[in-house]
Number of protein chains: 2
Amino acid sequence: MPAGNEEKVRCDCKIVHEEIVGRVAQKMPPEESLYDLAELFKVFGDSTRIKIIWALFEEEMCVCDIAHLLNMTHSATSHQLRVLKQARLVKPRREGKNMFYSLDDRHIEEIFNQGLSHINE
Amino acid sequence: MPAGNEEKVRCDCKIVHEEIVGRVAQKMPPEESLYDLAELFKVFGDSTRIKIIWALFEEEMCVCDIAHLLNMTHSATSHQLRVLKQARLVKPRREGKNMFYSLDDRHIEEIFNQGLSHINE
DNA sequence: ATTATATATGAATAAACGCTCATATGTTCA
DNA sequence: TGAACATATGAGCGTTTATTCATATATAAT
């Protein structure tokens, strides 16, 4: 994990950092996975997107449904749906002039429920 | 959910938004919960903090351990630990001059594993 | 074809964020 | 008490981001 060549940290406490760091670093997922994980949670880290996802738990909705629900402009809604789509969390389906969005992942609900458990304890 | 008094959205598609919006809005958690949920995920939405949390899955560590592990300054590490502490995700324990941090929540691991499942599929 | 409508997208802007630097706080030991 | 050290914190800076506005694209209907 200590990727860079130059040590940024220098401390004189009695703790043998090398041993601890070596042991912990070995057990951690690869750097890239952790980065991707942060990217995923970044998508969840906005209340507008949280609301959209939660709404889609109930049923597929078109852009203007969602815009009505959240009292947002079509444009803002569409921008956020793009973020969700790029994260492979929702998928679109065209029906005439309307685009219907639905959830594209079965893990989300579990993630959200665990998140709420943290909040409500 | 459509909190404001003025409609931001006006569209003429054949869909009866009021019905759909009413039904979905009824089933959604309260606005405040969704906001808090977003705040929680925002904390997870940074790879530095993800790494810290994942390291603490293994064992309690002091600030300079973590700084070594991530090759970051003590200051940056401390700032991030403060964010995690404020979100009630980690808790500090003093031992002499050192502060040891450990995880303060049993939901995190489940949330992260579901997140990785999403990424790895 | 032309018009109307639903959605998408690029640019601009204001707010939020993570890091660095300087400094403060709290503990240990001489 | 004072020096040394681990950690915490406030200010500043550059970057990211969510929304708005203007405009583009795609489908449907006349």
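As a basis for the values below, the full set of heavy atoms in this structure was taken, side chains included, without hydrogen atoms, waters or symmetry mates. Since the model is a prediction, treat every value here as computed from it, not as a measurement.
One axis for each end of the helix from C/dA1-D/dT30 to C/dA30-D/dT1, each built from five base pairs, and the angle between them comes to 20° at 10° resolution.
Take B/Lys91 and apply the side chain to side chain contact (heavy atoms under 4.5 Å, CB included) test, not counting sequence neighbours, and it matches B/Ser102, B/Asp104. Take B/Asn98 and apply the side chain to side chain contact (heavy atoms under 4.5 Å, CB included) test, not counting sequence neighbours, and it matches A/Cys13, A/Ile15, B/Cys62, B/Cys64, B/Phe100. For B/Lys97, the side chain to side chain contact (heavy atoms under 4.5 Å, CB included) test picks out no residue, with sequence neighbours left out. With sequence neighbours excluded, no residue forms a salt bridge (Lys or Arg N to Asp or Glu O under 4.0 Å) with A/Arg82.
B/Arg94 has a side-chain polar atom (N or O) that falls below the 4.0 Å cut-off from OP1 or OP2 of C/dT27. Between B/Thr73 and C/dC21 there is no side-chain polar atom (N or O) within less than 4.0 angstrom of OP1 or OP2.
Between B/Lys42 atom NZ and C/dC17 atom C1' the separation is 10 Å, expressed in whole Å. Regarding A/Asn98, its CG atom lies at a distance of 13 Å from the P atom of C/dT5, rounded to whole Å. A/Asn71 places its CG atom 15 Å from the C1' atom of D/dT20, with the value rounded to the nearest Å. Residue A/Arg49 contributes atom CZ, which lies 12 Å from atom C1' of D/dT16 at whole-angstrom precision.
Taken residue by residue, residues 75-82 of chain A places heavy atoms nearer than 4.0 Å to DNA chain C at A/Ser75, A/Ser78, A/His79, A/Arg82.
Salt-bridge check for A/Glu58 with B/Arg23: failed, with every basic side-chain N at 4.0 Å or more from each acidic carboxylate O.
Nearer to the 5' terminus of DNA chain D, by closest-nucleotide assignment, is the contact made by A/Asp46 (compared with the other of A/Gly96 and A/Asp46).
Side-chain proximity of A/Tyr101 to C/dT7, C/dA8, C/dT27: nearest is C/dA8.
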